[in-house]
Protein chains: 2
Amino acid sequence: MKKKDMHAYTYAYEKIRDQILSGEIEPHIKLTEEMLAEKFGISRTPIRSAIAKLEQEGMIRNKRIFIPTANDIRHIFQVRILIEGYAANYCSKFISEDALNRLKKCVEVGFDGTLEEVMEANHEFHQIIIQETRNPLMISIIDKMQSIIYLFRKTVVGQKRPHLIDEHANIYKAIENHDDQLAQQLMVEHLEKDLEFSLSRINN
Amino acid sequence: MKKKDMHAYTYAYEKIRDQILSGEIEPHIKLTEEMLAEKFGISRTPIRSAIAKLEQEGMIRNKRIFIPTANDIRHIFQVRILIEGYAANYCSKFISEDALNRLKKCVEVGFDGTLEEVMEANHEFHQIIIQETRNPLMISIIDKMQSIIYLFRKTVVGQKRPHLIDEHANIYKAIENHDDQLAQQLMVEHLEKDLEFSLSRINN
DNA sequence: TTAAAAAATATTGTACACAATATTTTTTAA
DNA sequence: TTAAAAAATATTGTGTACAATATTTTTTAA
């Protein structure tokens with residue numbers, strides 16, 4: 001529901017984004033301004049802004065939901081591995097008590113939560129580590145890629161990878177022990193496995 | 001001059017961008033749509049698109065030219081060091097013959113070119129290294145930051161740093177020798193010095 | 001005077017009409 | 001039939017008017 005103090009383009013942006021992520025808007029169909037304007041009961045102008053933003057962020061390409069190729073996935077992960085590896089290292093030295101607790105919670109939920117909760121906790125695990133860099137640029141770079149990866153996961157993979165939680169647990173331990181080298185190495189390996197898993201789902 | 005087959009918003013984007021970088025539009029003044037529309041003889045609609053893009057890219061913030069704080073600069077460099085360090089490493093292993101030659105040329109121009117040429121060559125030196133990763137994501141991340149740093153340089157620094165060319169020469173040599181570790185280390189140190197130099201210009 | 005309220009002004013946001021392009025379909029000529 | 005050309009259609013781009021907000025200035029009451 002549109003909040004009364006919300007601009008139409010913000011509303012449109014969130015709506016389109018959510019509907020893409022939830023699958024309500026299916027891939028491959030062309031996102032025309034008029035069709036979306038009709039759908040949300042507003043004019044084309046705010047829709048244009050929303051689409052432009054989504055295109056900038058990489059979720060839409062050529063007016064269609066962006067479905068990354070194997071190479072796109074590799075490129076995304078190359079950047080992710082670099083930044084998140086660094087972040088894991090950084091965390092080991094500078095993480096706050098609070099963040100460390102939240103990280104621990106994520107691992108615990110990973111072991112005993114519902115599927116929904118586990119998915120959310122896994123996402124948050126990575127999120128916390130990045131946020132502890134307190135570098136807004138890094139955070140936003142990762143955020144944008146997350147959406148694309150999430151989307152890709154939902155549409156292509158739709159399935160959980162084995163050992164994922166154990167790897168999180170190990171990364172957590174390394175951070176807790178302030179072993180920056182190990183934390184970085186484990187994060188890199190973790191993401192490399194994630195990449196492999198993702199790619200294996202495309203090629204068949 | 002506006003090309004006839006160019007959309008007004010592309011024209012506006014380039015014009016505004018160029019005028020910001022050239023200093024024709026001064027910092028601190030508010031970039032209102034109407035004022036820019038008037039200036040370029042087009043309506044507000046394409047100006048809106050252009051501003052939105054420039055804001056996404058970080059050159060404009062709150063309708064004003066973005067002038068980064070010391071912390072902003074640190075954050076930008078933290079990402080740059082990470083990515084360009086990686087790129088230097090990567091280059092040492094995989095650079096093409098052609099790119100290596102162009103890199104060499106940049107160093108040479110650095111020693112015997114005019115100020116204008118030197119500036120351009122220095123920029124290109126970094127550009128080539130990033131481009132050799134062939135990762136469009138990395139390239140675009142660095143590109144966006146380049147604009148902001150360049151702008152910041154122009155307005156705040158306006159001055160060349162000593163030893164810069166020598167450092168480029170050393171990085172070049174390391175890449176030429178396929179010494180990936182050294183290339184990375186030298187690039188990191190190079191950028192750290194750049195950061196220090198930039199910061200020293202703010203704090204007085 | 002000074003701070004809150006009100007009014008005036010400036011600026012941005014939205015809708016909509018029409019123009020310019022891009023895309024698809026149909027027609028035509030080989 | 002098939003490929004190029006033409007026409008029809010769909011979609012995006014632009015200008016403009018007006019509405020909604022934000023900002024600045026003026027007024028008012030203490």
Side-chain angles (χ1 to χ4, degrees), chain A residues 1-20 23-67 69 140 147-148 151, chain B residues 1-20 23-67 69 140 147-148 151:
Chain A
M1 231 91 301
K2 183 180 167 188
K3 307 281 169 54
K4 58 171 97 254
D5 64 341
M6 184 186 243
H7 279 150
Y9 76 85
T10 309
Y11 173 73
Y13 168 77
E14 291 183 0
K15 268 298 205 179
I16 296 171
R17 188 175 191 286
D18 290 350
Q19 294 204 1
I20 288 175
E24 233 172 308
I25 295 175
E26 349 178 16
H28 297 300
I29 70 147
K30 188 168 188 192
L31 268 21
T32 68
E33 294 172 5
E34 202 155 5
M35 165 255 188
L36 293 168
E38 176 101 6
K39 188 172 191 137
F40 299 124
I42 56 182
S43 84
R44 276 176 49 216
T45 312
I47 297 284
R48 274 172 85 66
S49 305
I51 290 178
K53 190 162 182 216
L54 261 352
E55 287 211 319
Q56 269 287 323
E57 294 179 354
M59 292 203 37
I60 294 180
R61 203 117 116 185
N62 303 321
K63 308 284 164 187
R64 289 187 167 78
I65 296 176
F66 173 56
I67 298 166
T69 64
S140 83
S147 304
I148 296 168
L151 179 57
Chain B
M1 226 93 301
K2 182 180 166 186
K3 308 280 169 53
K4 57 170 101 255
D5 63 342
M6 184 186 244
H7 278 151
Y9 75 84
T10 309
Y11 173 73
Y13 169 77
E14 291 182 0
K15 269 298 205 179
I16 296 171
R17 189 175 189 287
D18 290 351
Q19 294 204 0
I20 287 175
E24 232 171 310
I25 295 175
E26 344 178 17
H28 297 299
I29 72 146
K30 188 167 188 191
L31 267 21
T32 68
E33 294 171 5
E34 202 156 3
M35 164 253 185
L36 293 168
E38 176 103 4
K39 188 172 191 138
F40 300 124
I42 56 182
S43 84
R44 277 177 49 215
T45 312
I47 297 285
R48 274 173 84 67
S49 305
I51 290 179
K53 191 162 181 215
L54 261 352
E55 286 211 320
Q56 269 286 322
E57 294 178 354
M59 292 204 37
I60 293 180
R61 203 118 114 185
N62 303 321
K63 310 282 163 186
R64 289 186 165 80
I65 296 177
F66 174 55
I67 297 166
T69 64
S140 83
S147 305
I148 296 169
L151 177 57

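Order of the sequence lines fixes the chain letters, A, B, ..., with proteins taken first and strands second; residue numbering starts at 1 for each chain. What you see is a predicted model; the values in this text were computed from it and never measured.
- A/Glu26 is linked by a side-chain contact (heavy atoms from CB on, under 4.5 Å) to nothing, counting only residues two or more places apart in sequence or in another chain.
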Output a table of donor-acceptor pairs, distance under 3.5 Å, between side-chain atoms of residues 35-45 of chain A and any protein atom two or more places apart or on a different chain; print 'none' if there are none.
from: A/Ser43; atom 1: OG; to: A/Thr45; atom 2: N; distance (Å): 3.3
from: A/Arg44; atom 1: NE; to: A/Glu33; atom 2: OE1; distance (Å): 2.9
from: A/Arg44; atom 1: NH2; to: A/Glu33; atom 2: OE1; distance (Å): 3.0

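- Put simply, the side chain of A/Ile29 reaches to within 4.5 Å of the side chain of A/Leu31, judged on heavy atoms.
- Taking atom CG on A/Asn62 and atom P on C/dA22, their separation rounds to 13 Å, with Å as the unit.
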Can you give the donor-acceptor pairs under 3.5 Å from side chains of residues 56-67 of chain B to other protein atoms, not counting sequence neighbours?
from: B/Glu57; atom 1: OE1; to: B/Tyr13; atom 2: OH; distance (Å): 2.8
from: B/Glu57; atom 1: OE2; to: B/Tyr13; atom 2: OH; distance (Å): 3.1
from: B/Arg64; atom 1: NE; to: B/His28; atom 2: O; distance (Å): 3.0

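- Note on A/Thr45: every side-chain N or O is 4.0 Å or more away from OP1 and OP2 of C/dT14.
- The distance from atom OH of B/Tyr11 to atom C1' of C/dA20 is 19 Å, rounded to the nearest whole Å.
- Scored by the side-chain hydrogen bond (donor to acceptor under 3.5 Å, both in side chains) test, B/Ser147 finds B/Arg17 as partners (sequence neighbours excluded).
- When the C1' atom of D/dG15 is taken as reference, atom CZ of B/Phe40 falls 18 Å away, rounded to whole Å.
- One interatomic measurement links the two molecules: CD1 of A/Ile47 to P of C/dT14, which rounds to 10 Å at whole-angstrom precision.
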Enumerate the protein-to-nucleotides 8-12 of chain D contacts in which both atoms are nitrogen or oxygen and the separation is below 3.5 Å.
from: D/dT12; atom 1: OP2; to: A/Glu33; atom 2: N; distance (Å): 3.1

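- In this structure, the side chains of B/Lys15 and B/Tyr11 come closer than 4.5 Å at one or more pairs of heavy atoms.
- Taking atom CD on B/Glu38 and atom C1' on D/dG15, their separation rounds to 14 Å, with Å as the unit.
- The line from CZ of A/Arg48 to OH of A/Tyr9 is 15.5 Å long, rounded to the nearest 0.5 Å.
- Across B/Ala12 and B/Pro46, no two heavy atoms sit closer than the pair CB-O, 4.4 Å.
- Atom CE in A/Met6 sits about 13 Å away from atom P in D/dT21, given to the nearest Å.
- Taking the C1' atoms of five terminal pairs at each end of the helix from C/dT1-D/dA30 to C/dA30-D/dT1, the two resulting helix axes are inclined by 0°, rounded to 10°.
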